[in-house]
Amino acid sequence: APNNHGDHLGSAYQEGWYGYAKKDLMTVLGEPVNEKYARPFCGKGVLADCRTALRQSLKAALAVPASTLYSGDATCVKAKRDGDQECYDDVSFRALGGITQPLIPWINRPTYQQAVEIKGHR
């Protein structure tokens, strides 16, 4: 699940699905790909069949009401926001002692973050 199975960690890459899909779609499109898979998956490598499969899957996904798709998440139920897509994607922090932090919106952040301290005046 995109929210890391209810853990709400805020990572878009916990399982690497974006990379898998991108590599397969690039293969089907005939783009250069490093370390190709043994076979293409989307449309069994046939571009027209891949397009049809993608369109059908998107239509099926759009037919599911958001309130159904995003309901039942324990964090959102506790926050009284069950069925809310934004809550489903929110980042949740673990309480440390008596200190808690409210949910924050999902952010696209870098893998590495750096804090710099500049001593002296500018």
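Of the possible donor and acceptor atoms, one in the side chain of Asp24 sits under 3.5 Å from a partner among the backbone N and O of Cys42. A distance-only check finds no donor-acceptor pair linking the side chain of Lys44 to the backbone of Cys50 [under 3.5 Å].
For the pair Val91 and Trp106, the tightest heavy-atom approach, listed with the atom from each and the gap, is CG2-CA, 4.1 Å. Shortest non-hydrogen contact noted between Tyr88 and Cys76 is N-SG, 3.5 Å. Of all the heavy atoms in Thr75 and Gly6, the pair that sits closest is OG1-O, 3.8 Å. The two residues Lys23 and Glu35 have their closest heavy-atom pair at NZ-O, 2.9 Å. The two atoms that bring Pro40 and Gly45 nearest to each other are CG-CA, 3.5 Å, heavy atoms only.
Under the 4.5 angstrom side-chain criterion for Ile, Leu, Val, Met, Phe, Trp and Tyr, the cluster partners of Leu47 are Val28, Leu29. Chaining together hydrophobic side chains whose heavy atoms lie under 4.5 Å apart places Leu54 alongside Leu25.
Side-chain contact between Cys87 and Leu103: present, with at least one pair of heavy atoms (C-beta onward) separated by less than 4.5 Å.
When the side chain to side chain contact (heavy atoms under 4.5 Å, CB included) test is applied to Asp7, the partners found at least two apart in sequence or on another chain are Asn4, Leu9. In this structure Lys22 satisfies the side chain to side chain contact (heavy atoms under 4.5 Å, CB included) test together with Met26, sequence neighbours excluded. Applying the side chain to side chain contact (heavy atoms under 4.5 Å, CB included) test to Leu69 and every residue at least two apart in sequence or in another chain returns Val64. The side chain to side chain contact (heavy atoms under 4.5 Å, CB included) check on Pro102 picks up nothing, with sequence neighbours excluded.
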message: Determine whether Phe41 and Tyr20 satisfy the following criterion, side chain to side chain contact (heavy atoms under 4.5 Å, CB included), listing intermediate values before the conclusion.
response: CA-CA 10 Å; Phe41 293 91; Tyr20 301 148; over 6 Å; no
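Legend: salt bridge (Lys or Arg N to Asp or Glu O under 4.0 Å) pairs involving residues 68-86, not counting sequence neighbours, sorted by first then second residue: Arg81-Asp84, Arg81-Asp90. Under the side-chain hydrogen bond (donor to acceptor under 3.5 Å, both in side chains) criterion, no residue pair touches residues 50-60, with sequence neighbours excluded.
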